[in-house]
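Report on one structure; see the data block that follows.
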Protein chains: 2
Amino acid sequence: MDQIEFVRDFNRFYTQRLGVLNDHYLGQGRPLGEARLLFEIGDGADLRELRTRLGLDSGYLSRLLRALGGEGLVTVRPHPSDGRVRIASLTGAGRRERADLESRSRDSVAALLDPLTDGQRERLLEAQAQIRRLVRLATVTVEAVPDDAPEARECLEAYAGELARRFPEGYDAAAALIPPGALTEGTFLVAREDGRPVGCGLWQGASGLAASESAAAGAAALRSSAEIRHLWVSPAVRGIGLGRRLLAALERDAAAHGVTTVRLGTHGSLTEAIALYRAAGYREVPSYDSSPYNQLAFVKELVL
Amino acid sequence: MDQIEFVRDFNRFYTQRLGVLNDHYLGQGRPLGEARLLFEIGDGADLRELRTRLGLDSGYLSRLLRALGGEGLVTVRPHPSDGRVRIASLTGAGRRERADLESRSRDSVAALLDPLTDGQRERLLEAQAQIRRLVRLATVTVEAVPDDAPEARECLEAYAGELARRFPEGYDAAAALIPPGALTEGTFLVAREDGRPVGCGLWQGASGLAASESAAAGAAALRSSAEIRHLWVSPAVRGIGLGRRLLAALERDAAAHGVTTVRLGTHGSLTEAIALYRAAGYREVPSYDSSPYNQLAFVKELVL
DNA sequence: GTCGATCTCTGACTAAGGTCAGAGATCGTG
DNA sequence: CACGATCTCTGACCTTAGTCAGAGATCGAC
């Protein structure tokens, strides 16, 4: 595939150019590990936290701190209430060194932007923003989990909290959210970025539909109809297209389980969600249940 | 400046994501130095060339080759005509190893692209192409050199060769090109990418103008009028906006030397150049000289 | 106060990546 | 063929970036 070669080539090009810039401006005698540490210490941080944030071995961190301490850039003092924990903080010289690194890094970028016109700079930033959105979207993982998994409940809690803030009438989570363990026929998907849950959604088969409908429908209809619920995307990753990806993943998963028609209800105030459903090929139908939160209803026929 | 912070943030983000991908897929027991060497050897390369291409110390290269040789991936044999030089080439196993690395690298990119829709992939590639163009443009250096400097003549030779191919009537370089050393009032600019000359252009003050004009004009007019000539951009970097940058640099330099009006002539077949001049604020005027190559003429008033 | 858990530090060790000073072979030129 | 230049190789050495196994101090719970 040609696209792959293009992306590889871009990666080589960009890292090489970046490397040249960094070597030129930044590589002024300070090893990378020490430089990262100077940034992360900030205005004081305990070693345990530094270790996890930078992913360092405790021995290695200890040695790095000793080296920086020997140069008079960092001091380490015990935690006031926990004698095991130690806290690192920058001295005046350390802050100056950090500011120096910072300004060298800024200079290298300023030198890059300098020859460009205002319009070219804007286009560069817009292209970078575009790549960021797409690469974030591409590296988010989507995975099925039990509906009572901790990540699932964490997402639903955030989802409910947000709806409670957005709906003028509030949101009654106890009544409207799917209870843990209730999803017997269907799939709960969780989206993760760097391991942290940042979105969710579920489809629920016939057994979870309103009693009147499941009674009216035959066995075939039971298998072929499902409802998508609780589609949520964390504000931290909104705007990168994750809602669309989750929705498509739910549809694929449902279709693989024999579902041919999905429906969903939503609130009139969730305009982005409504736009998403329309763009994804859903058509509006009369509302199918009496929940005050499902003011609008949409249906889509799945094609395998 | 906010833009600088944005770019720094993008660089951190992109290198981090890239690093994760590479570590995951590529870092399978082969150190980076050896992997790069396997790629660069290709179908045989002499050590001197490898050293300069990869920027390695001769001792280090020797050791790397010995390590790869010990694994049966590389053989080294003397150069047929120069006994000092040695040539490295891949064995069958070496070629397999390289293909393996190659395919792992492709896999990592394929995994990145996989979750995206066709439209998203296209937007990603377009944004990468945009960044490449702009970063190349920004990292090209533009610098004044004497008009008889080797790089200057190299550019003019390429320029003349190209015009000779493009003009139906051919191009008489001996008559039309500025002779070495003739540029006494003016500046010759050379654009370089990674040290290689990739573009040029010059402005030439009154003393170089046609005799009739310099005679007619007073001393003030002599200083305030100049001609831009021999603006050329190598095909290798065409389309990134270098012509515009060179033109702007020439105008800035001329203005700094007291020039208030620049004019230039061009050939009717150079449509991109004509478009560039119009976009840069030049207006067409009647042709000012009888050269068969200056069928069209443009003028621009410089504002300081 | 005892005991297991937690946190930091030290010493020993490793791999990767790289530098430097010659030694030895070969080449081109006078 | 002598001599300086060129090319490669070897040995010695270095920094960065880790990993691992305890030792020692401290904490919270019992």
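Side chains are part of it too, since the values below use all heavy atoms of this structure and drop only hydrogens, waters and symmetry mates. Labels below follow one simple rule: chain letters A, B, ... track the order of the sequence lines, proteins then strands, and each chain is numbered from 1.
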Nearest-Å distance, [atom1] ([X]) to [atom2] ([N])?
X      : N       : atom1 : atom2 : result
I87(A) : dC9(C)  : CD1   : P     : 12 Å
D82(B) : dT6(D)  : CG    : C1'   : 8 Å
L32(A) : dT15(D) : CG    : C1'   : 14 Å
H79(B) : dG28(C) : NE2   : P     : 11 Å
L68(B) : dA16(C) : CG    : P     : 12 Å
R77(A) : dA25(D) : CZ    : P     : 22 Å
R84(A) : dC7(C)  : CZ    : P     : 6 Å
E34(A) : dA17(D) : CD    : P     : 8 Å

Got a sec: does the [atom1] of [X] have more than 12 other heavy atoms crowding it under 6.0 Å?
X       : atom1 : value
R12(A)  : CZ    : yes
E157(A) : CD    : no
R96(B)  : CZ    : no

Quiz prompt | 5' priority, DNA chain D, between G33(A) and S81(A) [closest heavy atom] | solution = G33(A)

Quiz item: Is any NZ, NE, NH1 or NH2 atom of the basic residue among D194(A) and R17(B) found under 4.0 Å from an Asp or Glu carboxylate oxygen of the other?
Solution: yes

Quiz prompt | R86(A) vs dT26(D): side-chain N/O to OP1/OP2 distance below 4.0 Å | solution = no

Quiz item: If you check every side-chain atom of R66(B), which of dC7(D), dC27(C), dT10(D) has the closest atom?
Solution: dT10(D)

Quiz item: If you check the R63(B) side chain, which of dC9(C), dC9(D), dA12(D) turns out closest?
Solution: dA12(D)

Self-check item: Full working for side-chain hydrogen bond (donor to acceptor under 3.5 Å, both in side chains) between S58(A) and R51(A)
Solution: CA-CA 7 Å; S58(A) 70; R51(A) 258 202 335 270; 5.2 Å; no

Self-check item: E40(B) backbone acceptor or donor facing R53(B) side chain under 3.5 Å
Solution: yes

Exercise. Please name the residue in the list R133(B), R121(B), R132(B) that meets the salt bridge (Lys or Arg N to Asp or Glu O under 4.0 Å) test with E126(B).
Key: R133(B)

Self-check item: Residues in contact with DNA chain D, drawn from residues 39-61 of chain B - heavy-atom cutoff 4.0 Å
Solution: L47(B), R48(B), R51(B), S58(B), G59(B)

